[in-house]
Amino acid sequence: METSNDSIVHARSGGVREMISIALPMVISNGCETIMVFTDRVFLSRLGAEQMSASMGGGLFMFTAISFFFGLLGYSTAITAQYLGSGQKEKCPTVTFQALLTALCAYPVLLAVSLPLGHYIFGISGLSEGQLKYQYEYYDILMYGSVLMLVRSALAGFFIGVGSSRVVMFASFTAMILNVAFSYVLIFGKLGFEPMGVAGAAYGTLAGGFCALLVLIYSYIRYAKCHDMNLKVSFRYDGVILKKLLKFGFPAGVEFFMGLTAFTAMIFMFHARGAETAAAVTITFNWDHVAYVPLMGLEIGVTSIFGRYMGAGRPDIAHKSMISGLKTGTIYSVVITFFFVFFPLMLTDVFRPDHYDPAFENSRALAVFMLRTASIYVIVEALIVVLAGSLRGAGDTYMAMWITVGVTWVLAGILYVCLHVINTSLEVAWLALVLMFLSIPVLLLLRYRSGKWREIKVISGSH
């Protein structure tokens, strides 16, 4: 008789078709999240460079503040996938409930620590008074609503882990449509509302996220009913599963937090050089965000598929899924690189204010240079997300953390030396970052080729 493990393996091949069926909805989902952020910044750019830069600085610091728990909760995807692959689907909702408990417990801690810390960091960062005022406002609103992102992450981990990533895609699409509409109305003061500027962008983001959460809750209840999963039984504390989530999710959370902290520090180093530099960096990283976030969807898909086959005891098919992920990601990166190389001025002018803004005009040349140079690393980002996703899916989260976090902090150190010790030009500092970034895929590939991930056991047959 064919076991549940065999049926899963026979039904799938680890090929491009399976990768696309799970990863493509996540690419689209993350693309929707990118459009939300990107559109808000385009709207705010019409009001001036300071509000646009404030939304980037405040939004990035907010996401950095919650990133540890975001990364930790995200690892519920791999655990859910491994339980499904091992034929223990009844444990999948229990994993999700442990993630939800973690999210709710994390929220008050985040508010108590991150709100005063954010204000302190902003105050000593050397930002202009105009940007600082807007940044405080934007950051505070998003932090109070951060619980929506944490709970969404926990529920999304379930759907990605069981291979129903289209649900997450639909929820993100709902958030995107409503966010764009809410932000437009609130930022510019339409339909009888007073113009709220940067605060309107923050409230629009939370409104869209809340509606996406409702979609996920409804779909979670419906999925459990259709697949004979007893949610009432899952609504309990499970120390064994929670320990797995904390053990393997901790390095994923540290990686996310430390990586974003270094990235945020680099943004503030650039922003402290003046309004023109802040505008150029904001424009560049807005487009980099557009390019990279959909690849994060591919990484999540790879983690889910890789974890499922490792749970089924088939590392050979897990390896095939990694190769399929590389093929899919490379095609995407080549397309993005084409636009960065040949159309940087057009991409820059998307953020042109409605009125004459000297900060924007003086930043255009630098933004064009940074976008063209960014094409060097965009092409290898697919290799990074696929290899990192594969290692995490197998449970090799600690080494993935050390590689990505270590190099990212080296990048921050290089930028500090360039800008504040030897006082290089902004162009030289940026080029140094781009070239050093290329070491990340090399180190991840060496780790993957070592085969250590084949020896890691995340789950057992009994629990």
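Please read these numbers as outputs of a predicted model, since none were measured by experiment.
For the 3.5 Å distance criterion, the side chains of S183 and D40 qualify, holding a donor opposite an acceptor. Donor-acceptor pairing under 3.5 Å is lacking for the side chains of Y203 and N179. Side-chain contact annotation: S29 with S172, donor-acceptor N/O pair under 3.5 Å present.
When the ring pair (Phe, Tyr, Trp, His ring centres under 6.0 Å) test is applied to F43, the partners found at least two apart in sequence or on another chain are Y184, F188. For Y220, the ring pair (Phe, Tyr, Trp, His ring centres under 6.0 Å) partners are F158, not counting sequence neighbours. The ring pair (Phe, Tyr, Trp, His ring centres under 6.0 Å) test applied to Y138 returns no partner, not counting sequence neighbours. Applying the side chain to side chain contact (heavy atoms under 4.5 Å, CB included) test to A81 and every residue at least two apart in sequence or in another chain returns S304, R308. Scanning for ring pair (Phe, Tyr, Trp, His ring centres under 6.0 Å) contacts around Y134 gives an empty result, with sequence neighbours left out.
Between L444 atom CG and S439 atom OG the span is 9.5 Å, to the nearest 0.5 Å. With rounding to the nearest 0.5 Å, the separation of NZ in K320 from CE in M322 is 12.5 Å. Atom CG of L242 is separated from atom CG of L101 by 7.5 Å, given to the nearest 0.5 angstrom. Atom OH of Y107 sits about 11.0 Å away from atom CD1 of I66, to the nearest 0.5 Å. Rounding to the nearest 0.5 Å gives a distance of 10.0 Å between CD of E129 and CD of E50. Between the CD1 atom in I384 and the CG atom in L443 there is a gap of 10.0 Å [rounded to 0.5 Å].
In this structure, the side chain of Q51 does not engage the main chain of S45 through any donor-acceptor pair within 3.5 Å. In this structure a side-chain-to-backbone donor-acceptor pair under 3.5 Å is present from T424 to C418. Panel note: side chain Q82, backbone A312; no donor-acceptor pair is recorded below 3.5 Å. Proximity of a side-chain donor or acceptor of T39 to a complementary backbone N or O of M36 within less than 3.5 Å is not detected. With hydrogens and angles ignored, the 3.5 Å screen pairs a side-chain donor or acceptor of S55 with a backbone N or O of M52.
Side chains of M269 and V281 form no contact here, defined as non-hydrogen atoms less than 4.5 Å apart. Between M399 and L391, the closest side-chain pair of non-hydrogen atoms is not below 4.5 Å. By the 4.5 Å heavy-atom criterion applied to side chains, I187 and L47 are counted as neighbours. Residues V151 and L104 meet the side-chain proximity criterion, which asks for heavy atoms closer than 4.5 Å. Between L84 and C92 the shortest side-chain heavy-atom distance falls below 4.5 Å. Residues T337 and Y377 have side chains not in contact (no heavy-atom distance under 4.5 Å, counting atoms from C-beta outward). By the 4.5 Å heavy-atom criterion applied to side chains, Y83 and K244 are counted as neighbours. Residues V385 and V302 are not in side-chain contact: their nearest non-hydrogen atoms beyond the backbone lie 4.5 Å or more apart.
Taking the six-membered ring for Trp and the full ring otherwise, the centers of W409 and Y416 sit at least 6.0 Å from each other. Checked against a 6.0 Å centroid threshold, the rings of F122 and F61 count as neighbours. In this structure, the ring of F63 has its center less than 6.0 angstrom from the ring center of F70.
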task: Please lay out, stage by stage, how M310 and W453 fare under the test side-chain contact (heavy atoms from CB on, under 4.5 Å).
output: CA-CA 10 Å; M310 291 300 292; W453 52 271; 3.8 Å; yes
Exercise for review: Could you check Y398 against F250 for ring pair (Phe, Tyr, Trp, His ring centres under 6.0 Å), going step by step and ending with a plain yes or no?
Suggested key: CA-CA 9 Å; Y398 279 92; F250 178 82; 7.1 Å; no
(Q) For a side-chain contact (heavy atoms from CB on, under 4.5 Å) check, start with the C-alpha distance between L446 and S450, then their side-chain angles and the critical distance, and finish with the verdict. (A) CA-CA 6 Å; L446 290 175; S450 73; over 6 Å; no
Applying side-chain contact (heavy atoms from CB on, under 4.5 Å), run through L245 and V95 and close with a yes or a no. CA-CA 8 Å; L245 178 62; V95 175; 5.6 Å; no
Decide side-chain contact (heavy atoms from CB on, under 4.5 Å) for V162 and Y223; before the verdict, give the C-alpha distance in whole Å, the side-chain angles of both, and the deciding distance to 0.1 Å. CA-CA 10 Å; V162 299; Y223 185 96; 3.6 Å; yes
Q.
Pair F285, F263 - check ring pair (Phe, Tyr, Trp, His ring centres under 6.0 Å), show working.
A. CA-CA 11 Å; F285 281 111; F263 180 73; 4.9 Å; yes
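Considering L366, L435, T284 as possible partners of W430, the one that fulfils the side-chain contact (heavy atoms from CB on, under 4.5 Å) test is T284. Of the residues F340, F38, Y292, the one that meets the ring-ring contact (aromatic ring centres under 6.0 Å, His included) test with W287 is F38. For the side-chain contact (heavy atoms from CB on, under 4.5 Å) test with D238, the passing option among K243, Q98, K91 is Q98; the others fail.
Within a 6.0 Å radius of CZ in R454, more than 12 heavy atoms belonging to other residues, nucleotides or ligands are found. Under a cut-off of 6.0 angstrom, the local environment of CZ in F68 is crowded, with over 12 non-hydrogen atoms contributed by other residues, nucleotides or ligands. The number of heavy atoms from other shown groups lying within 6.0 Å of CZ (F173) does not exceed 12.
D396 and R447 are joined by a salt bridge, as a carboxylate oxygen and a charged side-chain nitrogen come within less than 4.0 angstrom of each other.
Closest of all the heavy-atom pairs between M56 and R41 is CA-NH2, 3.5 Å. Contact record, T282 with S53: OG1-OG, 3.5 Å, taken as the closest heavy-atom pair. Annotation for L132 and G123: closest pair CD1-N, 4.3 Å, computed over non-hydrogen atoms. A pairwise comparison of heavy atoms in S153 and L73 identifies OG-CB, 3.8 Å as the closest pair. Taking all atoms of both residues into account, the shortest heavy-atom contact from L295 to S333 is CD1-OG, 3.9 Å. Counting all heavy atoms, side chain and backbone alike, L150 lies closest to A106 at CD1-CB, 4.5 Å.
Using cut-offs of 30° and 60° for the angle between ring planes, the Y448 and H319 rings count as parallel.
Contacts classified as side-chain hydrogen bond (donor to acceptor under 3.5 Å, both in side chains) and involving residues 61-77 (residues at least two apart or in different chains) are given here: T64-T264.
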